[in-house]
Amino acid sequence: MPRIDVDGVAINYRDTGGDGIPLVLVHAWPLSSQMWAAQTDAVAPHRVIAPDLMGVGDSDAPDDPGAYSMDTFA
């Protein structure tokens, strides 16, 4: 899966690469982008992007507890 650097934290995401305006799906805590597998398959061939939020899935998990704030996730 692709990764992107956001303020020094590597964020993993799923991207179907389909056509049209992308639909972004954000998972519930403490799950990962895997929770959207059925929905992603259901809307093919449209483009769906589903990130693994920081600290879950294959995204980096910083040691600093202060890194995990609602502002950071937003």
Side-chain angles (χ1 to χ4, degrees):
M1 283 189 258
R3 293 168 72 88
I4 187 170
D5 182 274
V6 178
D7 296 329
V9 177
I11 300 296
N12 185 67
Y13 63 97
R14 299 170 186 276
D15 186 345
T16 63
D19 295 324
I21 297 171
L23 171 63
V24 178
L25 301 175
V26 179
H27 63 80
W29 183 263
L31 304 175
S32 71
S33 61
Q34 180 60 36
M35 77 171 275
W36 297 114
Q39 289 83 356
T40 300
D41 293 342
V43 298
H46 299 286
R47 185 174 186 189
V48 177
I49 299 170
D52 283 339
L53 296 178
M54 179 176 56
V56 296
D58 292 325
S59 291
D60 285 353
D63 293 330
D64 176 13
Y68 299 88
S69 70
M70 291 308 287
D71 288 339
T72 302
F73 283 116

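Residues take their numbers from the sequence shown, with the count starting at 1.
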*Asks:* What is the distance from atom CE of Met1 to atom OG of Ser59, rounded to the nearest 0.5 Å?
*Replies:*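 Going from CE on Met1 over to OG on Ser59, the span is 9.0 Å.
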*Asks:* May I ask you to check whether over 12 heavy atoms, not counting those of Asp64, lie within 6.0 Å of atom CG?
*Replies:* yes
*Asks:* To the closest 0.5 Å, what do you measure between CD (Gln34) and OG1 (Thr40)?
*Replies:* 9.0 Å
*Asks:* If you group Ile, Leu, Val, Met, Phe, Trp and Tyr by side-chain heavy-atom gaps below 4.5 Å, do Trp29 and Met54 land in one group?
*Replies:*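 The answer is yes; both residues are in one hydrophobic cluster.
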*Asks:* Rounded to the nearest 0.5 Å, what separation is found between the CG atom of Asp19 and the CZ atom of Arg47?
*Replies:*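 Result: 10.0 Å between the selected atoms.
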*Asks:* Only counting residues at least two apart or in another chain, list the ones meeting salt bridge (charged side-chain N to carboxylate O under 4.0 Å, His left out) with Asp58.
*Replies:* none
*Asks:* Can you give me the closest heavy-atom contact between Ala50 and Trp36, atom names plus distance?
*Replies:* CB-CD1, 4.2 Å
*Asks:* Before giving the answer on side chain to side chain contact (heavy atoms under 4.5 Å, CB included), spell out for Arg3 and Asp60 the whole-Å C-alpha distance, their side-chain angles and the decisive distance to 0.1 Å.
*Replies:* CA-CA 10 Å; Arg3 293 168 72 88; Asp60 285 353; 3.0 Å; yes
*Asks:* Return yes if some donor-acceptor pair links the side-chain N/O of Tyr13 with the main-chain N/O of Ser33 below 3.5 Å, else return no.
*Replies:* no
*Asks:* Does Val48 belong to the same Ile/Leu/Val/Met/Phe/Trp/Tyr cluster as Leu31, with side-chain heavy atoms less than 4.5 Å apart forming each link?
*Replies:*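 Yes, one cluster joins them.
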*Asks:* Between the side chain of His27 and the main-chain N/O of Leu53, is any donor-acceptor distance below 3.5 Å?
*Replies:* yes
*Asks:* Taking everything shown except Asp7 itself, do over 12 heavy atoms lie less than 6.0 Å from its CG?
*Replies:*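 Check fails, neighbour count at 12 or below.
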*Asks:* Look only at the side chain of Asp15 and the backbone of Ile49, and say whether a donor-acceptor pair between them is shorter than 3.5 Å.
*Replies:*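 Between the backbone of Ile49 and the side chain of Asp15 there is no qualifying donor-acceptor contact (under 3.5 Å).
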*Asks:* Any side-chain to backbone donor/acceptor pair from Thr16 onto His46? Under 3.5 Å, distance only.
*Replies:* yes
*Asks:* Does Val26 share a hydrophobic cluster with Leu23, counting links as ILVMFWY side-chain heavy atoms below 4.5 Å and allowing steps through other members?
*Replies:* no
